[in-house]
Amino acid sequence: MSGFVASAYVRVLISVLDREGLRTQDLGITLPDAADPLSRIPVQLWGDWLARVADHLQRPTVGLDIGQCIAPHHFGVLGYVTLHCATLGEALQRLQQYERLVYAVSPVQVSFERDAVTLRWGQEAGRPGALVDETALAALITYARNLTDSALNPLAVDFVNPAPADPSPYPRFFGCPVRFAQAHTVVRFSLTQISLPLRQPDPHLRALLDDEATRLLQQLPATSAVANEVQTVCAKLLPDTSPRLDTVARSLHRSPRTLQRQLQQDGLQFQTVVDDTRRQLANGYLQDPHLTLTDIAGLLGYAEQSAFTRAYRRWTGSPPNRARRRHPGIDIS
């Protein structure tokens, strides 16, 4: 099992525990900084925490309880991006685009049918367990209801996990047929539902928030085995050349199309992994007082320092010399 969930889920977990008169330390849970938009929790650890809460409360449906407490502000920039979309369909498109900011396990696949839209998650990264899946889908439906200010019920919900001893709470919560032990985790909406208007559409503010969400997404590290392979090859190719898809694929004994497909299955693009490799290397080089910015640009495969500066600003929102100022005694030339 691989993958992460955003520490934003921590805020929701805390609110549920507070309601029950519990503290995280009562359950042996040590929380990360939920205010950090890039702070993440390994999905296996998240599943363990949910199991502790369910055992302590003797409540197997605790995933539904946590999911129904979700609100846009819990997900920071992504929450506000979706809040200012025009329709539910537009918001779901943003959730797919920026999913890794909140949930980086198996990526969502969206398909359009004659009268419905299906969101489907496979098992490429493994099966995180019933509580993790139930929390995620309960959060998604609560989120959709909040955005549309309606009692929205999907057409159908499927889980890959076996049916619980008492499945009756699930159709009550989701308001639709719920199946277990299926091949994929699925939520299906009607075309009418995804056309529902949202409460606070603002295209100008949404565009600004899109830029910030994209910047945060670019700062996330790669999370899959194939991405790690690509990063290893990229690090070896730099500084001699700028990594290309065909060159990296050949080093990994794959065709470019196969490598691209494998990355897409993990919700990644080749250039995103290359940029992430360069960013991680750059952050290390910037702490070396013996390297000038020109030296670092060359080590990262850039012909000119200005190209590195533009790239670093795109990745982090600030120029590389600002990162150097955080380390006294380092030459910022």
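A salt bridge (charged side-chain N to carboxylate O under 4.0 Å, His left out) check over residues 111-123, counting only residues at least two apart or in different chains, returns the pairs E113-R188. Applying the salt bridge (charged side-chain N to carboxylate O under 4.0 Å, His left out) test to residues at least two apart or on different chains, the pairs with a partner in residues 234-247 are R244-D246. Listed by first and then second residue, the salt bridge (charged side-chain N to carboxylate O under 4.0 Å, His left out) pairs involving residues 60-73 are R59-D65 (not counting sequence neighbours). Residue pairs meeting the salt bridge (charged side-chain N to carboxylate O under 4.0 Å, His left out) criterion with at least one member in residues 154-178, sequence neighbours excluded, are D158-R179. Applying the ring pair (Phe, Tyr, Trp, His ring centres under 6.0 Å) rule to pairs touching residues 131-158 yields F75-Y143, sequence neighbours excluded.
For S15, the side chain to side chain donor-acceptor pair (under 3.5 Å) criterion is met by no residue, not counting sequence neighbours. The ring-ring contact (aromatic ring centres under 6.0 Å, His included) test applied to Y170 returns F180, not counting sequence neighbours. Evaluation of the side chain to side chain donor-acceptor pair (under 3.5 Å) rule for Q271 yields D275 as partners, not counting sequence neighbours. A search for salt bridge (charged side-chain N to carboxylate O under 4.0 Å, His left out) contacts involving R313 returns nothing, not counting sequence neighbours. For R206, the salt bridge (charged side-chain N to carboxylate O under 4.0 Å, His left out) partners at least two apart in sequence or on another chain are E90, D210. For the salt bridge (charged side-chain N to carboxylate O under 4.0 Å, His left out) test, no residue two or more places apart in sequence or in another chain qualifies with R310. Listed by chain and number, the residues in a side chain to side chain donor-acceptor pair (under 3.5 Å) with E212 are R215 (sequence neighbours excluded).
No side-chain N or O of Q68 forms a donor-acceptor pair with one of T142 less than 3.5 Å apart.
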